[in-house]
**Q** 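Have a look at this one.
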Amino acid sequence: MMTNEEAQKENIRNQFIEDFYNGNCRYKHMPEELSDDYDIALMVVESNPLELENFIQEFKNSFSICQVALQRDGRALEYVGDELIENLEILTTAIYSNIQALYFVPEKMLKNEEILNLLEESINDLEFQKLFPDLYNEALYRK
């Protein structure tokens, strides 16, 4: 059986979920007692990936939470934690999702062979050409 405290937290959680899905609140308005709730964090990034900015550090370093956020919007890479920011799978997901993720790729990772191969596949992307001319030329002329 639930304690009063557990029941109260469950009510707060259910109310937040309902309000969130109805568009009546955002993650940053979330009650403090839910800040470490993994399922809530996952629910939030599925619909609003840039909310990753407001997550606790543990979630910014959670592979699965970041992967979901980046699949939806690669620009969420800006908020990925230090433990994951050089992870190739994370970076690849972000770049595939939105070429603007390149703004947030660590400089040394832009020299990585897998990242360069990925960029080479993106040379027909006009946004890539326009926003990142130096990287574009490097990808275009690397062979």
Side-chain angles (χ1 to χ4, degrees), residues 2 5-143:
M2 267 192 211
E5 194 178 297
E6 289 170 332
Q8 188 177 4
K9 185 174 179 177
E10 192 61 25
N11 287 341
I12 291 170
R13 187 176 192 272
N14 292 339
Q15 187 62 56
F16 176 79
I17 291 170
E18 185 181 325
D19 289 347
F20 185 83
Y21 277 121
N22 290 331
N24 297 332
C25 71
R26 299 202 26 226
Y27 186 78
K28 67 182 179 187
H29 304 128
M30 187 181 61
E32 181 64 35
E33 54 266 58
L34 299 180
S35 67
D36 63 349
D37 189 313
Y38 178 87
D39 294 326
I40 295 261
L42 211 49
M43 172 192 82
V44 169
V45 294
E46 282 176 350
S47 60
N48 193 346
L50 298 178
E51 285 283 1
L52 187 61
E53 175 183 13
N54 300 308
F55 284 15
I56 59 173
Q57 204 55 45
E58 177 187 339
F59 292 158
K60 291 180 180 190
N61 285 314
S62 162
F63 184 86
S64 50
I65 287 176
C66 289
Q67 197 66 332
V68 167
L70 296 170
Q71 286 166 353
R72 307 285 188 282
D73 189 337
R75 296 171 305 163
L77 186 63
E78 179 176 5
Y79 309 116
V80 167
D82 293 342
E83 293 174 25
L84 292 177
I85 196 63
E86 293 182 4
N87 179 297
L88 277 174
E89 198 174 335
I90 289 287
L91 294 174
T92 302
T93 299
I95 294 166
Y96 266 125
S97 169
N98 188 325
I99 198 72
Q100 291 182 26
L102 286 171
Y103 285 120
F104 311 110
V105 173
E107 190 69 36
K108 73 179 190 182
M109 294 306 288
L110 293 173
K111 307 284 182 241
N112 179 286
E113 197 63 26
E114 284 184 54
I115 300 293
L116 288 170
N117 286 338
L118 177 63
L119 295 179
E120 201 174 336
E121 292 171 28
S122 303
I123 55 175
N124 293 325
D125 183 330
L126 294 175
E127 191 177 17
F128 176 39
Q129 191 175 350
K130 192 173 85 183
L131 295 176
F132 306 98
D134 294 344
L135 270 177
Y136 174 81
N137 286 329
E138 193 172 334
L140 189 61
Y141 299 114
R142 64 187 281 252
K143 292 289 182 219

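Only a predicted model underlies this, so the values are computations on that prediction, with no experimental measurement involved.
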**Q** Between the side chains of T93 and Q67, does any donor sit under 3.5 Å from an acceptor?
**A** yes
**Q** Using 0.5 Å steps for rounding, measure from the CG atom of L52 to the CD atom of E78.
**A** 10.0 Å
**Q** In Å and rounded to the nearest 0.5 Å, what is the CG to CG distance from D73 to L70?
**A** 8.5 Å
**Q** Do Q15 and D19 get their side chains close enough for a donor-acceptor pair, meaning under 3.5 Å?
**A** yes
**Q** Please say whether more than 12 non-hydrogen atoms of neighbouring residues, nucleotides or ligands are located less than 6.0 Å from CD in E58.
**A** no
**Q** Is it true that the side chains of S47 and Y21 contain a donor and an acceptor less than 3.5 Å apart?
**A**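 On atom types as modelled, these side chains do not qualify, holding no pair under 3.5 Å.
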**Q** Name the one of L116, V105, D134, L91 that satisfies side-chain contact (heavy atoms from CB on, under 4.5 Å) with L110?
**A**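 Of the listed options, the one satisfying the test is V105.
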**Q** Has the side chain of S35 got a donor or acceptor atom that lies under 3.5 Å from a matching backbone atom of P31?
**A**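 No: the side chain of S35 does not pair with the backbone of P31.
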**Q** Not counting sequence neighbours, which residues clear ring pair (Phe, Tyr, Trp, His ring centres under 6.0 Å) with F55? List them please.
**A**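 Only Y27 meet the ring pair (Phe, Tyr, Trp, His ring centres under 6.0 Å) criterion with F55.
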**Q** Can you tell me how far apart OG (S62) and CD (Q57) are? Round to the nearest 0.5 Å.
**A**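 The OG atom of S62 sits 11.5 Å away from the CD atom of Q57.
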**Q** If a pair satisfies salt bridge (Lys or Arg N to Asp or Glu O under 4.0 Å) and one of its residues is in residues 101-110, list it, with sequence neighbours excluded.
**A** E86-K108
**Q** Less than 6.0 Å separating the ring centroids of F104 and Y79?
**A**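 No, the ring centres sit 6.0 Å or more apart.
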